[in-house]
K.L.:
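Take a look at the following structure, please.
Hydrogens, waters and symmetry mates are skipped; everything else that's a heavy atom, side chains included, is used. Remember, predicted model here, so these are calculated numbers, not experimental data.
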2 protein chains.
Amino acid sequence: MYRIGELAQRFEIKTDTLRYYEKHGLLSPSGRSDSGYRLYNDEDEVKLRFILRAKAVGFSLAQIQELLVIDASRAKWACQDVKGIVEKKVVELEQKIAELTQFRDSLQQLADACCGGPESAEHCSILEALEVRQ
Amino acid sequence: MYRIGELAQRFEIKTDTLRYYEKHGLLSPSGRSDSGYRLYNDEDEVKLRFILRAKAVGFSLAQIQELLVIDASRAKWACQDVKGIVEKKVVELEQKIAELTQFRDSLQQLADACCGGPESAEHCSILEALEVRQ
DNA sequence: TTTGACCTTTGACCAAACTCCAAGGTTTAT
DNA sequence: ATAAACCTTGGAGTTTGGTCAAAGGTCAAA
């Protein structure tokens, strides 16, 4: 059994983060000491590892919550349920990548069109492009 | 001269957004009516177009603020100043794209390793991967 | 015993970019 | 005149994932 500080330290996160996860229903300690201290067991540790792993590959806490629901009663779910969540996330990421890539390309275009030298910005093609009426 | 509602409608944004931009120093109306209504002129309109254009290519409002400072006194700045801001943003975007791509690749790997069928999630390789101790 | 580290709860704060609400004044068209 | 649309201000709320602060109780080592 770990106290909150021990578990937090073990995973290099803040105690406040663990309290936050508890408050938001992600991970509650399996017990409390007589004085009210949170006590986390091995299963709690496994669950925290799960959460942090999922975060590390880009899942939001809400999405992790979904995965945790499945993980809690694995036999009641199918592999396609899990894979569905992951694939949905992949699509989401791909869309965001596409958007950011578009931003990047637009900006690269602007940058390429600019002389970038010490000339006065009076006639800067980037500034012009941002305010032209068309 | 436009009142706030007219300008907002023209650019398909909320009046509250204009008030927000004013409060945060991005765009103040050039005048006020006797009753206190905001009055925006043609220059204000040009400036708003600039802001929205910059937003559309991914600049944050803080970054747009920087660009506006330059735009306000173009002769005092050089093309390289403007280009510098744009190039910095490009780098930022490239880093974010790289991060998201990594997420995507990790998740795609997980998805590929999963049968994704109706089999019980009891031994789901994705769930296993997320909680394995290693 | 003492002291400092640790723990609790509650509620507020932070970031960024809006958006909403309430109370009340102004304008416009009927 | 009337009613509805429009405007003002100030402050709070939303989202997401934390983080901080205050007040006070508990634990462990010296």
Side-chain angles (χ1 to χ4, degrees), chain A residues 1-41 44 47-48 50-68 89 92-93 96 99-100 103, chain B residues 1-41 44 47-48 50-68 89 92-93 96 99-100 103:
Chain A
M1 295 292 249
Y2 308 99
R3 285 198 305 203
I4 194 166
E6 295 170 299
L7 190 63
Q9 186 174 55
R10 189 184 191 84
F11 286 92
E12 295 183 330
I13 60 175
K14 296 284 177 69
T15 53
D16 269 334
T17 303
L18 286 171
R19 289 187 196 100
Y20 180 86
Y21 290 167
E22 181 184 1
K23 186 173 180 180
H24 289 79
L26 286 164
L27 170 63
S28 299
S30 56
R32 293 272 184 153
S33 69
D34 288 341
S35 49
Y37 285 18
R38 290 170 177 78
L39 298 174
Y40 296 88
N41 67 13
D44 297 330
K47 198 172 171 185
L48 178 59
F50 185 101
I51 290 167
L52 297 178
R53 283 264 171 76
K55 263 179 28 81
V57 292
F59 282 110
S60 66
L61 293 187
Q63 291 163 336
I64 293 169
Q65 183 86 296
E66 278 181 56
L67 288 170
L68 287 172
K89 184 66 189 179
E92 202 183 288
L93 285 167
K96 191 66 193 177
E99 185 189 34
L100 295 183
F103 286 168
Chain B
M1 293 294 247
Y2 309 100
R3 287 201 306 208
I4 194 167
E6 294 170 299
L7 191 64
Q9 186 176 54
R10 190 184 190 83
F11 286 92
E12 294 181 334
I13 60 177
K14 297 285 177 68
T15 54
D16 269 332
T17 303
L18 285 172
R19 291 191 193 97
Y20 180 86
Y21 289 167
E22 181 184 0
K23 185 172 180 179
H24 289 78
L26 284 164
L27 170 62
S28 299
S30 56
R32 293 272 185 155
S33 69
D34 289 342
S35 49
Y37 285 18
R38 292 173 174 78
L39 298 174
Y40 296 88
N41 67 13
D44 297 330
K47 198 173 173 185
L48 179 58
F50 186 101
I51 290 167
L52 297 179
R53 281 263 172 78
K55 258 174 36 80
V57 291
F59 282 109
S60 65
L61 293 186
Q63 292 165 333
I64 292 170
Q65 184 85 295
E66 280 181 55
L67 288 170
L68 286 173
K89 184 66 189 178
E92 202 183 288
L93 285 168
K96 190 66 192 177
E99 185 189 33
L100 294 183
F103 286 169

K.L.:
Have a look at S60(B) and say if it touches a base, only the backbone sugar-phosphate, or nothing, with a 4.0 Å heavy-atom cut-off.
P.N.:
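Result for S60(B) = sugar-phosphate.
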K.L.:
Less than 3.5 Å between a donor and an acceptor, one on the side chain of Y37(A) and one on the base of dC6(C), is that the case here?
P.N.:
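Flag set: donor-acceptor pair detected.
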K.L.:
Atom CZ of F59(B) to atom C1' of dA17(C): distance rounded to whole Å?
P.N.:
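In whole Å, dA17(C) C1' lies 17 Å from F59(B) CZ.
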K.L.:
So what does R3(B) touch, heavy atoms closer than 4.0 Å: a base, only the sugar-phosphate, or nothing?
P.N.:
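If one applies the 4.0 Å heavy-atom cut-off, R3(B) turns out to touch the sugar-phosphate alone, with no base involved.
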K.L.:
Are OP1 or OP2 of dC7(D) and a side-chain N or O of T15(B) less than 4.0 angstrom apart?
P.N.:
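So the side chain of T15(B) is outside the cut-off, no N or O lying under 4.0 Å from OP1 or OP2 of dC7(D).
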K.L.:
For a quick test of reading the model: is some side-chain N or O of T17(B) closer than 4.0 Å to OP1 or OP2 of dA17(C)?
P.N.:
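For dA17(C), OP1/OP2 do not have a side-chain N/O of T17(B) under 4.0 Å.
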K.L.:
Nearest-Å distance, CE (M1(B)) to P (dT27(C))?
P.N.:
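Taking CE of M1(B) and P of dT27(C), I get 15 Å after rounding.
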K.L.:
Starting from C1' on dT8(C), measure out to CG on L39(A) and report it in whole angstrom.
P.N.:
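Rounding to the nearest Å, CG of L39(A) and C1' of dT8(C) are 13 Å apart.
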K.L.:
Send over the distance from F11(A) CZ to dG18(D) P, rounded to a whole Å.
P.N.:
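It works out to 15 Å between those atoms.
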K.L.:
Choosing from dC18(C), dC20(D), dT9(D), which nucleotide comes nearest the side chain of R32(B)?
P.N.:
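My answer, after comparing the listed nucleotides, is dT9(D).
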K.L.:
Inspect the contact between D16(B) and R19(B) and indicate whether a charged nitrogen and a carboxylate oxygen are less than 4.0 angstrom apart.
P.N.:
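Between D16(B) and R19(B) there is a salt bridge, with a charged N closer than 4.0 Å to a carboxylate O.
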K.L.:
Identify the residue among N41(B), D44(B), L7(B) that makes a side chain to side chain contact (heavy atoms under 4.5 Å, CB included) with Y2(B).
P.N.:
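Among N41(B), D44(B), L7(B), the one that satisfies the side chain to side chain contact (heavy atoms under 4.5 Å, CB included) with Y2(B) is L7(B).
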K.L.:
Look at the side chain of D16(B) and decide which nucleotide, out of dT19(C), dC18(C), dG18(D), has an atom nearest to it.
P.N.:
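Of the candidates, dT19(C) comes closest.
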K.L.:
Within the 4.0 Å heavy-atom criterion, would you say R19(A) contacts the bases, only the backbone, or no part of the nucleic acid?
P.N.:
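Base: the residue R19(A), judged by heavy atoms under 4.0 Å, touches a nucleobase.
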K.L.:
Looking only at atom types and distance, does a side-chain atom of Q63(A) sit under 3.5 Å from a main-chain N or O of S60(A), one as donor and one as acceptor?
P.N.:
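At least one qualifying donor-acceptor pair exists.
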K.L.:
So, does E6(B) use its side chain to make a donor-acceptor pair with the main chain of R3(B) at under 3.5 Å?
P.N.:
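Confirmed, E6(B) side chain pairs with R3(B) backbone.
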K.L.:
Just the rounded figure in Å: distance from P of dT16(D) to NZ of K23(A).
P.N.:
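In whole Å, dT16(D) P lies 15 Å from K23(A) NZ.
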K.L.:
Mark yes or no for whether K89(B), through its side chain, and F59(B), through its backbone, hold a donor-acceptor pair below 3.5 Å.
P.N.:
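Not at all, since once roles are kept as given, no pair shorter than 3.5 Å links the two residues.
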K.L.:
Roughly, in whole Å, what's the span from CD in Q65(B) to C1' in dA16(C)?
P.N.:
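So the two atoms are 14 Å apart, to the nearest Å.
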K.L.:
Round to the nearest Å and state the distance from I51(A) atom CD1 to dG18(D) atom C1'.
P.N.:
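Atom-to-atom, I51(A) to dG18(D), this comes out as 14 Å.
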K.L.:
So does Y21(A) reach the base of dG18(D) with its side chain, donor to acceptor, closer than 3.5 Å?
P.N.:
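For Y21(A), whose side chain was compared with the base of dG18(D), there is no donor-acceptor pair (under 3.5 Å).
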K.L.:
Is K55(A) touching bases, backbone alone, or none of the nucleic acid, heavy atoms closer than 4.0 Å?
P.N.:
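The residue K55(A) makes sugar-phosphate contact but no base contact.
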K.L.:
Paired with dA29(C): which nucleotide, if any, by Watson-Crick or G-U wobble criteria at under 3.5 Å for both distances?
P.N.:
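With both distances under 3.5 Å, dA29(C) matches dT2(D).
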K.L.:
Please compare K14(B) and S33(B) by the position of their nearest nucleotide in DNA chain C and report the one closer to 5'.
P.N.:
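So the residue in question is K14(B).
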K.L.:
Without decimals, in angstroms, what is the distance between Y20(B) OH and dA15(C) P?
P.N.:
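Atom-to-atom, Y20(B) to dA15(C), this comes out as 11 Å.
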